[in-house]
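Counting from 1, the numbers follow the sequence of the chain as shown.
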Amino acid sequence: MKREKIDIYKGHIVFTKTKDHFTILENGYVIVKDGKVVDTYTSIPEAYQYVPVTDYGDKFIMPSFNDMHIHAPQFRNRGLCLDINLMDWLFSCTFPEEAKFSNLDYARNVYNILLKGLWKVGNMRSLVYNTIHKDATKLLLNMFLECGLGAYVGKVNMDINAPDYLNEDTEQSLLDTEEILMQYQGISDLVHPIIAPRFVPSCSPKLLCGLGYLAYQYQAPVMSHLSEDIVEMKLVKSMYPQFPNYGSIYNYYGLFGQTPTVMAHCIFSSDEEIELMRKNGVYANHNPTSNCNLGSGMMAVKKFINRGVPVGIGCDVSGGGDISLITVMSYALSVSKMVSLYSNKQLEPLKLSEAFYITTKGGGSFFGKIGSFEPGYEFDALVIEDNYIKFFEYNLYERIQQFIFLGSSENIRERFISGNNIKEPMFLL
Ligand SMILES: [Zn+2]
């Protein structure tokens, strides 16, 4: 019989069971059995007295971060071309960079640096777009498998309205996607393939239809972009005038919650579109740094939360520059205050606990029982040493507030996924 592996960690435990409250245990314990949380305690229960304790002293132990939206091939472009809008940015800056991923040596180099970055900032699980390239997508899946971080990785599909060098043959795009699904589905608890049409303007009806069928056939999850930009919205309306909203086009093709689905941005989502997301359980993914950089607009994230749409958060590199979700979390709080102001305070701003919740448990729920320390959750965790109290006295809640607004990857001391302490990825493959 296999022996159980039990670990006990001591520190200031912080997590959000619900969006409205932090659970904080000062000098608390979290007990982990075979990678899953048994529970959190203020003292060690009798049955576990014999287990050695890893004591993190005055540090915090909190759930690690789940990035719901990043484009791996755009990692080199962070901070570039951010003085233009979405469509110009795609054609002048992003598509030329993505074309380079037909070269696997180039791709490997970028992915190596990306994976080290994800580890460093504590994004232990991510939803990752690649390019149209099948081989580079497989390479990225293999590198995630090698380094121990969690991810859904999607080969991007696009067969219209792109430069010739990125326009796929429709049949080939579907065949390549199916090959990846067949090869990688079910081979790992941490790393999975996902279907990733770029967005409606770059996919023909035939491609969307084929991808919907693959999603159904393989029960594969889906991620894409939704209602991000005014120019994009006009283009979509001109392509599909008969549909009531953008989301209903994905829905028609079986790509909107028929299998687990995440839609990024949702800035211009109508009430109807939000209701369709709620009904179908489609995740809304908030990318406030990207939305500010590209001047796309401000997502009313609180509206989605209030209406019961599942919500996560993403860095959206390279529309977003910083892969740290600590930065993105503080932007989400700031943007929600502007949204509140411009709604004449009809909409409340995000609460601090809500921002933390969507960054941990909200997005984490897409990956499974992830992002909390309730019983049965995977022990995905960060150990945080905040430096601010060197000079002044703060209580624990004040320290959490400061970490959200002032913290960085420099504060992260340990990183766990499913109970395993993950070390920095070395150069891989
Ligand atoms: Zn994106």
Checklist entry - Does Asp34 reach the side chain of Lys36, with side-chain heavy atoms less than 4.5 Å apart? => result no

Item to check | side-chain contact (heavy atoms from CB on, under 4.5 Å) evaluation trace for Glu232 with Phe199 | outcome: CA-CA 9 Å; Glu232 172 204 10; Phe199 62 166; 3.3 Å; yes

Item to check | Short side-chain to backbone donor-acceptor contact, Ser334 and Ser330, under 3.5 Å | outcome: yes

Item to check | Ile61 and Val14, any side-chain heavy atoms less than 4.5 Å apart | outcome: no

Checklist entry - Any donor and acceptor pair, going by atom type alone, linking the side chain of Gln402 with main-chain N or O of Arg399 inside 3.5 Å? => result no

Checklist entry - Hey, are Glu424 and Lys120 close enough for a salt bridge, meaning a charged N less than 4.0 Å from a carboxylate O? => result no

Checklist entry - Within a strict 4.5 Å, meaning less than it, do heavy atoms of the His21 and Thr18 side chains meet? => result yes

Item to check | salt bridge (Lys or Arg N to Asp or Glu O under 4.0 Å) partners of Glu168, counting only residues at least two apart | outcome: Lys155

Item to check | Contacts of Cys81 that satisfy disulfide (SG to SG under 2.5 Å) - sequence neighbours left out | outcome: Cys93

Next on the checklist: Whether the side chain of Ser340 engages the backbone of Leu347 through a donor-acceptor N/O pair (distance < 3.5 Å, no angle test) should be reported.
Outcome noted: yes

Checklist outcome for this item: Output for pair (Phe405 CZ, Thr327 OG1), nearest 0.5 Å, gives 12.0 Å

Item to check | Arg415 vs Met124, side-chain contact (heavy atoms from CB on, under 4.5 Å): CA-CA, chis, key distance, verdict | outcome: CA-CA 8 Å; Arg415 300 151 179 87; Met124 302 309 280; 3.7 Å; yes

Item to check | Whether Trp89 side chain and Leu82 backbone form a donor-acceptor pair below 3.5 Å | outcome: no

Using distance only, find each side-chain donor-acceptor pair of residues 308-318 under 3.5 Å and give its atom names and separation, not counting sequence neighbours.
unit_1 : atom_1 : unit_2 : atom_2 : d
Asp316 : OD1    : His69  : NE2    : 3.0
Asp316 : OD2    : His265 : NE2    : 3.4
Asp316 : OD2    : Ser290 : OG     : 2.7
Ser318 : OG     : Gln74  : OE1    : 3.4

Next on the checklist: Please check if the number of heavy atoms outside Tyr41 that lie under 6.0 Å from its OH is greater than 12.
Outcome noted: yes

Checklist entry - Given side chains that start at C-beta, do those of Phe256 and Gln258 come closer than 4.5 Å, heavy atoms only? => result yes

Checklist entry - Will you find, in the side chains of Tyr283 and Ser365, an N or O donor that is under 3.5 Å from an N or O acceptor? => result yes

Checklist entry - Strictly by modelled atom types, are Thr259 and Gln219 linked by a side-chain donor-acceptor pair under 3.5 Å? => result no

Next on the checklist: Does anything in residues 307-356 form a ring-ring contact (aromatic ring centres under 6.0 Å, His included)? List the pairs, not counting sequence neighbours.
Outcome noted: Phe22-Phe356

Item to check | Under the salt bridge (Lys or Arg N to Asp or Glu O under 4.0 Å) test, residues paired with Glu97 that sit two or more places apart | outcome: Arg76, Lys100

Next on the checklist: Test side-chain contact (heavy atoms from CB on, under 4.5 Å) on Thr359 and Asn66; report intermediate values, then the result.
Outcome noted: CA-CA 6 Å; Thr359 310; Asn66 302 301; over 6 Å; no

Checklist entry - How long is the gap from CG on Leu396 to CD1 on Ile400, to the nearest 0.5 Å? => result 6.5 Å

Next on the checklist: Suppose we screen for salt bridge (Lys or Arg N to Asp or Glu O under 4.0 Å). Which residues come up paired with Glu98, at least two apart in sequence or across chains?
Outcome noted: Arg198

Next on the checklist: Please enumerate all residues that pass ring pair (Phe, Tyr, Trp, His ring centres under 6.0 Å) together with Phe101, with sequence neighbours excluded.
Outcome noted: Tyr106, Tyr111

Next on the checklist: Is the distance from the ring center of Tyr152 to that of Phe366 below 6.0 Å?
Outcome noted: yes

Checklist entry - What is the distance from atom CG of Asp386 to atom CD of Glu410, rounded to the nearest 0.5 Å? => result 14.0 Å

Checklist entry - Could you go step by step and tell me if Met143 and Asn112 meet the side-chain contact (heavy atoms from CB on, under 4.5 Å) rule? => result CA-CA 8 Å; Met143 290 174 74; Asn112 267 315; 3.4 Å; yes

Checklist entry - Hey, which of Asp169, Thr170, Asp176 is the one that makes side-chain hydrogen bond (donor to acceptor under 3.5 Å, both in side chains) with Gln172? => result Asp176

Checklist entry - Got Val328 and Asp322 here, is their nearest side-chain heavy-atom distance under 4.5 Å? => result no

Item to check | All ring pair (Phe, Tyr, Trp, His ring centres under 6.0 Å) counterparts of Phe95, not counting sequence neighbours | outcome: Phe91

Checklist entry - With respect to Leu174, which candidate in Leu207, Asn157, Asp159 satisfies the side-chain contact (heavy atoms from CB on, under 4.5 Å) definition? => result Leu207

Checklist outcome for this item: Output for pair (Met223 CE, Tyr129 OH), nearest 0.5 Å, gives 5.0 Å

Checklist entry - Are the side chain of Gln185 and the backbone N or O of Tyr218 linked by a donor-acceptor pair below 3.5 Å? => result yes

Next on the checklist: What I'd like to find out is whether the side chain of Asn280 reaches to under 4.5 Å of the side chain of Thr261, using heavy atoms alone.
Outcome noted: no

Next on the checklist: Under the rule for ring pair (Phe, Tyr, Trp, His ring centres under 6.0 Å), what residues qualify as partners of Tyr240, not counting sequence neighbours?
Outcome noted: Phe243

Item to check | Close side-chain approach of Leu25 and Val30, heavy atoms under 4.5 Å | outcome: no

Next on the checklist: Can you list everything that forms a ring pair (Phe, Tyr, Trp, His ring centres under 6.0 Å) with Phe379? Sequence neighbours excluded, please.
Outcome noted: Tyr9, Phe373, Phe416

Checklist entry - Is there a donor-acceptor pair closer than 3.5 Å between any side-chain N or O of Asn123 and the backbone N or O of Phe65? => result no

Item to check | Pair Lys423 + Glu414: basic N to acidic O under 4.0 Å | outcome: yes

Next on the checklist: Quick one, Val153 and Thr137 - any side-chain contact, counting heavy atoms below 4.5 Å?
Outcome noted: yes

Checklist entry - Under 6.0 Å between ring centres, would you say that holds for Tyr250 and His225? => result no

Checklist outcome for this item: The salt bridge (Lys or Arg N to Asp or Glu O under 4.0 Å) partners of Asp271 (sequence neighbours excluded) come to Lys303, Arg307

Checklist entry - Does a donor on one side chain sit under 3.5 Å from an acceptor on the other, for Ser227 and Glu273? => result yes

Item to check | Residue among Phe60, Phe403, Tyr29 satisfying ring-ring contact (aromatic ring centres under 6.0 Å, His included) with His12 | outcome: Phe60

Next on the checklist: To the nearest 0.5 Å, what is the distance between NZ on Lys361 and CD1 on Ile370?
Outcome noted: 12.0 Å

Name every donor-acceptor pair, under 3.5 Å, that has one atom in a side chain of residues 348-355 and the other anywhere in the protein, sequence neighbours excluded.
unit_1 : atom_1 : unit_2 : atom_2 : d
Lys351 : NZ     : Asp20  : OD1    : 2.9
Ser353 : OG     : Lys19  : O      : 2.6
Ser353 : OG     : Asp20  : O      : 3.3
Glu354 : OE1    : Lys302 : NZ     : 2.6
Glu354 : OE1    : Lys351 : N      : 2.8
Glu354 : OE2    : Lys302 : NZ     : 3.0

Next on the checklist: Would you compute the distance between atom OG of Ser92 and atom CD1 of Ile84 and round it to the nearest 0.5 angstrom?
Outcome noted: 3.5 Å

Item to check | Donor-acceptor contact below 3.5 Å, side chain Asn395 vs main chain Glu398 | outcome: yes

Item to check | Quiz item: cation-pi between Arg78 and Phe75, 6.0 Å / 45° | outcome: yes

